[in-house]
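Every chain is numbered from 1, with letters handed out A, B, ... down the list of sequences.
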Amino acid sequence: MLKIYNTLTNKKEVFKPINPNNVGVYVCGMTVYDYCHMGHARVLVMFDVITRHMRRNFPEVKYVRNITDIDDKIINRSIENQEDIYSLTNRFIDAMHKDERALNILKPDVEPRATDSIDQMYYMIESLTEKGLAYQGENGDVYYSIRNFKNYGKLSGKNLDELEAGIRVDVESDKRDPLDFVLWKMAKPDEPKWSSPWGEGRPGWHIECSAMSTHHLGNHFDIHGGGMDLTFPHHENEIAQSEGANNCSFVNTWMHVGFVNINDEKMSKSLKNFFTIRDVMKRYDGETLRYFLISSHYRSPLNFSDENLNSAKSALKRLYTATRDLSASEVAMNDISKRFDYEKRFNTALDDDFNTPIALSILFEIAKHINTERDKDPEQASALSQLLRKLGDYLGILQYSTEDYFKQGISISDAEIEQKINKRNEARAAKDFSISDQIRDELLTLDVVLEDNENGTTWRRK
RNA sequence: GGCUGGGUAGCAAAGCGGUUAUGCAGGGGCCUGCAAAGCCUUAUAGACCGGUUCGACUCCGGUCCCAGCCUCCA
């Protein structure tokens with residue numbers, strides 16, 4: 001029984017799909033004017049884990065994640081770079097897809113682009129205008145009238161009058177109420193523009209998500225998610241738009257992923273304290289990053305530091321170490337899964353609001369079990385190893401073969417290493433341990449670790 | 001100020017009204033020529049003050065502190 005924490009109610013609730021055969025999930029994706037940072041990575045990875053789990057539990061899941069490819073920041077960046085807006089956005093979309101592959105993130109079912117969805121936005125704005133929920137200012141911009149939507153603030157728990165008190169007044173706008181927000185914005189000269197009943201312009205930020213999500217998932221769907229900073233105003237505004245235009249409830253479950261912090265402060269573009277995925281990938285592989293991101297619960301803050309990343313790397317190594325030199329059939333694996341309750345407990349953990357730390361702890365229990373059975377009962381150890389890999393795959397980790405994991409990234413060739421191992425073993429046979437230790441130390445400086453066991457000497461990367 | 005979340009051992013991170021979370025790092029031991037890996041074992045917790053209870057890290061109240069949102073942000 002899947003339980004999910006719902007921002008709308010601030011409670012963990014049993015998840016009941018609107019249509020049990022087809023669950024709809026929408027996640028607010030990137031605004032593509034720069035490379036993805038670790039905060040984006042966290043949202044991408046978490047919803048990847050979430051949708052993988054849901055796909056195993058429901059016949060069909062439709063996962064939609066949009067791309068915002070038109071907005072002020074994109075326009076500014078394109079001017080700054082003197083780069084055509086489409087070449088800019090395409091460049092960063094490609095970069096994002098590359099980052100996703102590195103993090104083993106599966107593609108969403110639909111990845112709509114705002115600029116391909118302008119028609120759907122028209123219809124929605126039109127409908128809002130007809131219902132008296134939108135108006136055009138003297139400057140031509142079209143605004144949403146939040147005072148005319150009775151439930152404004154229900155997601156974020158905001159009180160209108162209190163919001164009003166601390167508002168910053170935007171001098172350029174023609175809003176009737178300072179909390180009103182733009183649905184359609186008149187284009188300035190040389191800005192990208194689309195013709196519309198209100199004049200040539202472009203959509204406001206919030207309308208695209210209302211339009212794209214309902215277009216692909218229906219007016220009322222199951223899950224809508226994003227980073228915690230989108231709760232207000234973005235998601236609040238989406239509710240106002242969608243429920244206002246469609247006269248029905250919009251989303252049942254709102255999910256928000258916590259921030260990635262640097263020194264306990266939110267990683268953000270405005271604070272300029274962010275690390276891009278590609279930067280971090282210069283020092284850590286994608287799987288280590290992914291492990292790090294799922295090592296805490298998705299709603300908790302996650303502190304980004306070398307110490308934590310190194311710890312993630314070591315933890316992952318322990319899991320891979322358990323799988324060394326073991327393989328078993330699927331039959332044996334299914335058999336072992338029935339004998340022990342690891343898989344069951346693993347699924348229960350994910351069913352409990354996607355508790356990845358608990359799920360990971362079960363992986364370590366299996367690893368320990370393998371290590372203790374390895375000599376006593378190799379068959380059982382092998383079957384457990386297969387189970388470990390299967391559950392790892394559910395989380396999108398343990399993707400490499402054991403061989404690849406332990407032998408990648410070494411500058412010296414296999415043959416050279418073997419040669420040195422032979423030389424060392426000759427020295428060991430002659431009990432010349434100073435020579436043998438010297439060879440081992442030499443290899444260690446090249447990140448090659450030697451391990452002696454009864455069948456001979458094996459090597460792995462450090 | 002309003003609204004959300006938090007404060008757990010050296011670090012990270014969970015569950016739980018009474019019984020080992022888990023990982024990294026540390027101590028002792030086994031194994032090894034010595035290591036590595038692994039196994040066994042071990043120490044270090046629950047911001048503070050009250051209350052409920054036979055019993056609280058876990059529930060309730062209060063205090064202090066931290067983060068986030070209230071402006072674009074994942």
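A straight line from CD of A/Glu100 to C1' of B/A74 spans 13 Å, rounded to a whole angstrom. Look at CG on A/Asn159: it is 12 Å from P on B/U4, rounded to the nearest Å. Taking atom OH of A/Tyr35 as the reference point, atom P of B/A74 lies 17 Å away to the nearest angstrom. Summarising the geometry, the separation between CG on A/Leu155 and P on B/C69 is reported as 15 Å, rounded to the nearest angstrom. Remark: P of B/A14 and CG of A/Leu395 are 14 Å apart, rounded to the nearest angstrom.
Here B/A47 sits opposite B/U63 as a Watson-Crick or G-U wobble pair (both hydrogen-bonding atom distances under 3.5 Å). Across all strands shown, nothing is found opposite B/G33 as a Watson-Crick or G-U wobble partner with both distances under 3.5 Å. In this entry B/C69 has B/G2 as its Watson-Crick or G-U wobble partner, both defining distances falling under 3.5 Å. Across all strands shown, B/U53 forms no Watson-Crick or G-U wobble pair with both distances under 3.5 Å. Remark: B/A14 base-pairs with no nucleotide in the shown strands. Criterion, Watson-Crick or G-U wobble with two distances under 3.5 Å.
Using a 4.0 Å heavy-atom cutoff across all strands shown, A/Ser300 reaches sugar-phosphate atoms only and no base atom. Among the heavy atoms of the strands, none lies under 4.0 Å from A/Asp352. Within 4.0 Å (heavy atoms only), A/Thr7 reaches no atom of the nucleic acid at all. Within the 4.0 angstrom heavy-atom criterion, base atoms lie near A/Asp229. Using a 4.0 Å heavy-atom distance criterion, A/Leu450 is classed as a base contact. Counting any heavy atom pair closer than 4.0 Å across all strands shown, A/Val257 reaches no nucleic acid atom. Among the heavy atoms of the strands, none lies under 4.0 Å from A/Met38. If you check every strand for non-hydrogen atoms under 4.0 Å, A/Val260 touches a base. Heavy atoms of A/Gly258 sit under 4.0 angstrom from at least one base atom. Using a 4.0 Å heavy-atom cutoff across all strands shown, A/Ser270 reaches at least one base atom of the nucleic acid.
Remark: the A/Arg42 side chain and the B/A74 base include no donor-acceptor N/O pair separated by less than 3.5 Å. The base of B/G33 sits within donor-acceptor range of the side chain of A/Arg424, with an N or O pair under 3.5 Å. Remark: the A/His37 side chain and the B/A74 base include a donor-acceptor N/O pair separated by less than 3.5 Å. Contact of A/Asp437 with B/G33 (side chain to base): a donor-acceptor pair of N or O atoms is detected under 3.5 Å.
Using a 4.5 Å heavy-atom threshold, the side chains of A/Tyr143 and A/Arg176 count as separate. Taking the side chain as every heavy atom from C-beta outward, A/Asn159 and A/Leu163 never approach each other to under 4.5 Å. Side-chain contact check for A/Glu111 versus A/Ile67: some heavy-atom pair is nearer than 4.5 Å.
Nucleotides B/C48 and B/G29 have their C1' atoms positioned 40 Å apart, rounded to a whole Å. Remark: the separation of the P atoms in B/A43 and B/G10 is 14 Å, to the nearest Å. Rounded to the nearest Å, the gap between the C1' atom of B/A56 and that of B/U8 is 14 Å. When the P atom is used for both B/G1 and B/U19, the distance is 40 Å, rounded to whole Å. Annotation: B/C11 and B/G46 have their C1' atoms spaced 16 Å apart (nearest Å). Nucleotides B/C72 and B/A67 have their P atoms positioned 22 Å apart, rounded to a whole Å. With both ends at atom P, the span from B/U4 to B/C16 equals 22 Å, rounded to whole Å. Only the C1' atoms considered, B/C57 is 12 Å distant from B/A47, to the nearest whole Å.
Of the candidates B/G15, B/C70, B/G5, B/G5 carries the atom nearest the A/Tyr5 side chain, counting heavy atoms from C-beta on. Residue A/Glu451 places its side chain closer to B/A36 than to any other of B/G2, B/A36, B/A74. In the set B/A74, B/C11, B/G33, the nucleotide with an atom closest to the side chain of A/Phe433 is B/G33. The A/Asn261 side chain lies nearest to B/A67 when the options are B/A67, B/A74, B/A14. With B/A74, B/C34, B/A36 as the choices, the nucleotide that has an atom nearest any side-chain atom of A/Arg440 turns out to be B/C34.
Not one side-chain nitrogen or oxygen of A/Thr231 sits closer than 4.0 Å to the OP1 or OP2 atom of B/C3. In terms of phosphate contacts, A/Asn10 brings no side-chain nitrogen or oxygen within less than 4.0 Å of OP1 or OP2 of B/U4.
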When every nucleotide of nucleotides 18-32 of chain B is labelled 5' to 3' by its protein contacts under 4.0 Å (heavy atoms), B for base, S for sugar-phosphate only, - for none, what sequence of letters results? ---BSBS--------
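Figure legend: cation-pi geometry between A/Lys407 and A/Trp459, with NZ or CZ positioned under 6.0 Å from the six-membered ring centre and within 45° of its axis.
For A/Asp99 and A/Arg278, the salt-bridge test passes: some basic side-chain N is under 4.0 Å from an acidic carboxylate O. We find that A/Arg440 and A/Asp437 are joined by a salt bridge, their nearest charged nitrogen and carboxylate oxygen being less than 4.0 Å apart.
Within a 6.0 Å radius of CG in A/Asp190, no more than 12 heavy atoms belonging to other residues, nucleotides or ligands are found.
Between A/His256 and A/His235, the angle of the ring planes lies from 30° to 60°, which puts this pair in the tilted group.
Judged as a side chain to side chain donor-acceptor pair (under 3.5 Å), and not counting sequence neighbours, A/Ser314 has no contacts. For A/Asn310, the side chain to side chain donor-acceptor pair (under 3.5 Å) criterion is met by A/Tyr284, not counting sequence neighbours.
Residue A/Phe259 and nucleotide B/A67 are not classified as a stacked aromatic pair, given the requirement of ring centres less than 5.5 Å apart at an interplanar angle below 30°.
No option in A/Asp72, A/Asp141, A/Asp71 other than A/Asp72 meets the side-chain hydrogen bond (donor to acceptor under 3.5 Å, both in side chains) test with A/Lys185.
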